[in-house]
Structure formats: C-alpha cells, structure tokens
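Single-structure report; data block below.
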Amino acid sequence: ISAGDQVVTGADGSATITLPDTSTLKIGPDTKFSISETKSSGATAMGKATTRTIKVASGKIYGDIKPNTGVFTQFDTPSGVAAVRGTTLELSVNFETGQIQIKVDGGAVQMFPLGLTGGTTVTLSTGQVIKVTGGVGGSRVDTAVEVVSDGGKPIVTTVGNQQVTMTTGTAVALRPSLLATGDTAGTVQINVTAGSATVKDTVTNTVTTATPDSGAIALAVIAVAHSL
C-alpha cells in the first residue's frame with residue numbers, strides 16, 4: 001500500500017496493515033479509508049517530523065500506534081479529527097450519519113469535533129468510550145458528544161475557556177452562536193440531552209451543573225489554542 005491509496009474491505013473482508021514504524025491497523029468489514037503522510041524540514045505536531053493522516057470514511061479500524069517514533073498519527077473522520085499519542089484504540093464510523101465512536105484501550109486521544117472552533121477538544125484516556133457527531137450544517141447543526149463509558153474517570157470537553165465535565169450516560173449538544181473560524185471570542189450554546197454535566201468557566205471560576213431540565217445554556221467563550 002502506498003501513501004494516498006484508498007483501501008476498501010467487503011462485507012466479509014478484513015485486513016491487517018503494518019506501517020513502517022511498526023504501528024498496526026486491523027481493518028474490519030465494510031471499511032473505507034486512506035493513508036497519507038506529510039513531511040517538513042522542521043518539527044510538526046508534537047515535535048514529529050512526519051504527520052500521518054488516516055482518513056476513515058466508514059467502517060471500523062483497530063489501531064495500535066507505537067509511541068516514541070518520528071511520526072505523529074491522526075484519524076480524520078466525518079465528525080472530526082482524533083489525534084493519538086502512542087495509543088491502542090478502536091474507531092468506528094457510521095457512513096450514513098457521520099457519527100463516530102472512539103474506544104481507547106491504552107494511551108490517550110484528543111478528539112477535535114467538527115463544527116466547533118475556539119480550541120474545542122475532548123480528551124480521552126484508557127477505558128473511555130465516546131460517540132461524536134460533528135455539526136456540518138443542514139440537519140447537523142449541533143455537535144453532539146455522548147459518553148458511553150468514562151472508564152471510572154470523568155471526561156472533559158474543553159471549548160475555549162469553558163470545561164464541560166461528563167460521566168457515563170451523559171450526552172450534550174453544542175452549537176456555536178457567534179464563534180467562527182478566526183474569531184477570538186463568542187458564545188456557544190450547550191444543551192444536556194441525557195445525564196448531567198458540570199460546566200466550569202476557567203476565567204471566572206464559575207461552576208454550573210446542567211441537566212436536560214436546564215434547557216439551552218449560552219456560554220461566553222474565549223478561544224484558546226490547545227497543543228497536541
């Protein structure tokens with residue numbers, strides 16, 4: 001397989017791919033993806049000289065991404081980008097809805113959902129599972145995040161200066177009202193659709209508990225850059 005090639009498995013198909021840095025990808029049935037790499041003379045993400053992008057359109061991939069190599073690996077999906085740091089994870093993509101599920105078996109993942117700016121990230125560690133549907137316009141205005149399992153440790157979604165803490169069974173919908181690409185401040189509307197979430201403004205240290213009964217809450221957001 002060469003960089004840029006598209007790989008497709010059938011309904012009964014599967015494959016295992018070993019990459020040059022000994023990372024491996026186990027491909028499930030009905031999966032469609034491609035791999036590309038970009039290099040620069042200087043350091044790129046996380047000080048790596050090479051960025052590998054695994055673009056997953058549909059299906060399921062189990063990745064064992066080796067740490068301490070010169071390659072930074074990210075999974076590009078219809079609902080956002082998942083950046084990994086020496087991680088074993090299972091990633092699945094629903095072709096019809098664009099929803100993705102990420103299960104972290106070891107290491108750490110930073111998920112950057114589609115449809116939100118201002119340094120929005122969902123930080124995951126071992127044992128945690130989330131579902132994300134990125135907002136792309138049309139019928140998918142909101143960016144939805146659902147915690148399937150918190151692995152015994154709360155999951156934090158960071159939207160600029162706002163930190164949304166979620167546990168198993170919590171689901172939220174996030175909608176940017178004023179914050180657009182290039183803006184440094186604006187508002188994001190949060191609506192808890194299941195469970196409860198704690199929202200903390202890291203500038204004012206104000207803490208709010210939100211539930212489905214709370215309705216939509218407008219959060220003042222200051223864009224914050226998050227390093228990988």
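Any value given below was found using the heavy atoms of this structure, including those in side chains, with hydrogens, waters and symmetry copies removed.
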Exercise for the section: Start with the C-alpha distance between D21 and R52, add both sets of side-chain angles, then the distance that settles side-chain contact (heavy atoms from CB on, under 4.5 Å), and finish with yes or no. Expected result: CA-CA 11 Å; D21 64 351; R52 173 193 295 133; 3.3 Å; yes

Handout entry: Test item: T123 side-chain N/O and Q110 main-chain N/O as donor-acceptor pair under 3.5 Å
Key = no

Handout entry: Test side-chain contact (heavy atoms from CB on, under 4.5 Å) applied to M166 and V145, step by step
Key = CA-CA 10 Å; M166 308 166 63; V145 181; 4.2 Å; yes

Handout entry: V207 reachable from V164 in the ILVMFWY side-chain graph, under 4.5 Å edges
Key = no

Exercise for the section: Indicate if V129 and V147 have the same hydrophobic cluster label, given that clusters are the connected sets of ILVMFWY residues with side-chain heavy-atom separations under 4.5 angstrom. Expected result: no

Handout entry: Heavy atoms of other groups near N205 CG, more than 12 under 6.0 Å
Key = yes

Problem - Worked verdict on D30 versus K60 for salt bridge (charged side-chain N to carboxylate O under 4.0 Å, His left out) - result: CA-CA 8 Å; D30 291 323; K60 181 180 292 185; over 6 Å; no

Completion exercise
Rounded to the nearest 0.5 angstrom, the CD1-CD distance for I65 and Q74 is 11.5 Å

Practice task
Determine, for D64 against K26, whether the closest basic-nitrogen to carboxylate-oxygen distance falls under 4.0 angstrom.
Solution key: no

Practice task
Hey, could you give me the NZ/OG1 distance between K153 and T165, rounded to the nearest 0.5 Å?
Solution key: 11.5 Å

Exercise for the section: For S79 and G98, indicate whether the former's side chain and the latter's backbone hold a donor-acceptor pair under 3.5 Å. Expected result: yes

Problem - Main-chain N/O of N161 paired to T202 side chain as donor or acceptor, under 3.5 Å - result: yes

Practice task
Group every Ile, Leu, Val, Met, Phe, Trp and Tyr by side-chain heavy-atom contacts under 4.5 Å, then state whether V71 and I61 land in the same group.
Solution key: no

Practice task
Output yes when a side-chain donor or acceptor of S58 lies under 3.5 Å from a complementary backbone atom of N94, and no otherwise.
Solution key: no

Exercise for the section: Would you give the length of the straight line joining atom CG of D150 to atom OG1 of T167, rounded to the nearest 0.5 angstrom? Expected result: 5.5 Å

Handout entry: Closest heavy-atom pair and its distance - G169, A194
Key = O-CB, 3.6 Å

Problem - Chi angles and distances behind the side-chain contact (heavy atoms from CB on, under 4.5 Å) call for I155, L124 - result: CA-CA 7 Å; I155 293 175; L124 304 172; 3.8 Å; yes

Practice task
Report yes if the side chains of V84 and F75 come closer than 4.5 Å at any heavy-atom pair, otherwise no.
Solution key: yes

Problem - Check: S14 side chain, I27 main-chain N or O, donor-acceptor pair, under 3.5 Å - result: no

Problem - Spacing of NZ belonging to K103 relative to CD belonging to Q128, to within rounding of 0.5 Å - result: 13.0 Å

Handout entry: Exercise: do Q162 and D201 side chains pair donor with acceptor under 3.5 Å
Key = yes

Handout entry: Identified side chain to side chain contact (heavy atoms under 4.5 Å, CB included) partner of I35 from the options V7, L19, T53
Key = L19

Exercise for the section: Treating Ile, Leu, Val, Met, Phe, Trp and Tyr as nodes and any side-chain heavy-atom pair under 4.5 angstrom as an edge, say whether V148 and L89 lie in one connected cluster. Expected result: no

Practice task
Check the hydrophobic clustering (I, L, V, M, F, W, Y; side-chain heavy atoms under 4.5 Å; chains of links allowed) and say if I17 and L91 are grouped together.
Solution key: yes

Problem - Euclidean distance, T18 OG1 relative to L25 CG, rounded to 0.5 Å - result: 8.5 Å

Practice task
Look only at the side chain of T143 and the backbone of P113, and say whether a donor-acceptor pair between them is shorter than 3.5 Å.
Solution key: no

Handout entry: D213 vs T211, side chain to side chain donor-acceptor pair (under 3.5 Å): CA-CA, chis, key distance, verdict
Key = CA-CA 5 Å; D213 293 334; T211 68; 4.6 Å; no

Exercise for the section: Begin with the C-alpha distance, continue with both residues' side-chain angles, and end with the deciding distance and a verdict on side-chain contact (heavy atoms from CB on, under 4.5 Å) for D76 and V56. Expected result: CA-CA 6 Å; D76 188 0; V56 187; over 6 Å; no

Exercise for the section: State, yes or no, whether a side-chain contact exists between V199 and I190 at a heavy-atom distance under 4.5 Å. Expected result: yes

Exercise for the section: Find out whether F33 and I54 are in side-chain contact, i.e. whether some heavy atom of one side chain is under 4.5 Å from a heavy atom of the other. Expected result: yes

Practice task
Check whether any side-chain heavy atom of V8 lies under 4.5 Å from a side-chain heavy atom of T31, and answer yes or no.
Solution key: no

Problem - Min side-chain heavy-atom separation P78-V93 under 4.5 Å - result: yes

Exercise for the section: Please round to the nearest 0.5 Å and tell me the distance separating atom CD of Q163 and atom OG1 of T157. Expected result: 10.0 Å

